[in-house]
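One structure is given below, encoded as structure tokens.
Here, residue 1 is the first one in the sequence, and each next residue gets the next number. Only a predicted model underlies this, so the values are computations on that prediction, with no experimental measurement involved.
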Amino acid sequence: MKIFGYPRQLRLLKPGDFRYVFENTHYKVYCPGFLLLATPSRHKVTRLGFVIGKKNVKLAVNRNRIKRIFRESFRLNQHQLPSIDIIVLAIKGANQVTTDELSKSLTEAWPQLGRRVNKATAKLSSSIKRQ
């Protein structure tokens with residue numbers, strides 16, 4: 001049975017975790033107003049972190065709304081993703097994205113990110129088998 005919670009183990013919390021993803025980004029997926037940066041996880045679970053600054057989203061209520069939407073979408077789709085660490089980075093235009101637009105783009109972004117990771121993993125494992 002799958003558990004659809006969002007416990008502390010599924011979050012990027014420490015500055016070292018964020019630094020690791022920023023320095024070792026292997027996969028990037030664009031959503032309108034946001035960039036998802038991902039790297040293979042050193043843990044056995046998929047983890048999520050946020051970098052949503054005041055420069056791109058001025059009001060705290062909007063920053064919290066965005067994080068709430070991402071967390072809920074991640075919670076429902078976490079079992080489709082391989083073991084990776086993901087950072088949600090707000091970029092220019094993040095303030096203008098509506099809730100419905102963001103939800104729709106996330107339903108496309110999670111599978112796209114999973115396909116990219118699986119494709120790279122399959123390519124890597126096939127090259128190792130040839131040697």
Side-chain angles (χ1 to χ4, degrees):
M1 184 171 133
K2 294 181 182 177
I3 298 172
F4 290 96
Y6 186 61
R8 194 168 175 86
Q9 296 85 7
L10 299 181
R11 303 176 197 167
L12 292 175
L13 298 172
K14 299 177 182 175
D17 295 336
F18 281 87
R19 189 177 317 110
Y20 177 75
V21 176
F22 279 121
E23 291 175 355
N24 301 304
T25 299
H26 287 80
Y27 316 102
K28 295 179 184 179
V29 174
Y30 173 78
C31 287
F34 300 93
L35 188 61
L36 302 177
L37 306 174
T39 191
S41 181
R42 296 180 284 188
H43 304 282
K44 295 184 184 204
V45 294
T46 302
R47 301 186 305 163
L48 181 68
F50 298 97
V51 178
I52 301 178
K54 290 181 188 178
K55 181 179 180 182
N56 294 313
V57 184
K58 303 264 186 259
L59 299 176
V61 66
N62 291 335
R63 290 193 300 274
N64 292 332
R65 175 185 60 87
I66 289 166
K67 289 188 274 189
R68 203 169 33 249
I69 294 166
F70 267 99
R71 279 194 302 263
E72 180 65 12
S73 179
F74 174 76
R75 187 183 70 78
L76 296 173
N77 293 290
Q78 65 184 328
H79 300 293
Q80 300 170 5
L81 298 171
S83 178
I84 53 176
D85 289 342
I86 306 166
I87 291 181
V88 176
L89 184 64
I91 56 176
K92 191 173 266 188
N95 211 19
Q96 286 78 33
V97 179
T98 65
T99 302
D100 292 335
E101 291 172 349
L102 184 55
S103 296
K104 287 178 185 175
S105 65
L106 285 176
T107 58
E108 298 168 5
W110 298 126
Q112 182 181 6
L113 183 59
R115 282 192 305 271
R116 287 187 183 180
V117 173
N118 291 334
K119 184 178 177 182
T121 305
K123 187 184 285 187
L124 180 66
S125 65
S126 68
S127 68
I128 291 173
K129 288 179 183 177
R130 287 183 205 155
Q131 296 174 356

query = Taking it one step at a time, do V88 and L36 satisfy side-chain contact (heavy atoms from CB on, under 4.5 Å)?
reply = CA-CA 5 Å; V88 176; L36 302 177; 3.6 Å; yes
inquiry  = Show, in sequence, the C-alpha distance, side-chain angles and deciding distance for K104 and E101, and conclude whether the side-chain contact (heavy atoms from CB on, under 4.5 Å) test is met.
reply    = CA-CA 5 Å; K104 287 178 185 175; E101 291 172 349; 5.9 Å; no
inquiry  = Which residues end up grouped with L59 if you chain together Ile, Leu, Val, Met, Phe, Trp and Tyr wherever their side-chain heavy atoms are less than 4.5 Å apart?
reply    = V61
request  = Go through the steps to decide whether Y6 and L48 satisfy the test side-chain contact (heavy atoms from CB on, under 4.5 Å), and finish with yes or no.
outcome  = CA-CA 10 Å; Y6 186 61; L48 181 68; 3.9 Å; yes
query = Partners of E72 by side-chain hydrogen bond (donor to acceptor under 3.5 Å, both in side chains), sequence neighbours excluded?
reply = R75
key: Any residue meeting side-chain hydrogen bond (donor to acceptor under 3.5 Å, both in side chains) with T39, in chain and number order, not counting sequence neighbours   = H26
query = In Å, rounded to the nearest 0.5 Å, how long is the span from NZ of K92 to CG of L35?
reply = 15.0 Å
note = CD1 (I87) and CD1 (I52) are apart, to the nearest 0.5 Å, by 11.5 Å
Kindly indicate whether the side chain of [X], heavy atoms from C-beta on, has any atom under 4.5 Å from the side chain of [Y].
| X | Y | answer |
| --- | --- | --- |
| F74 | L106 | no |
| I86 | L81 | yes |
| I69 | S103 | yes |

query = Do D17 and R42 pass the side-chain contact (heavy atoms from CB on, under 4.5 Å) test, and can you show the C-alpha distance, the side-chain angles, and the key distance before you say yes or no?
reply = CA-CA 10 Å; D17 295 336; R42 296 180 284 188; 3.9 Å; yes
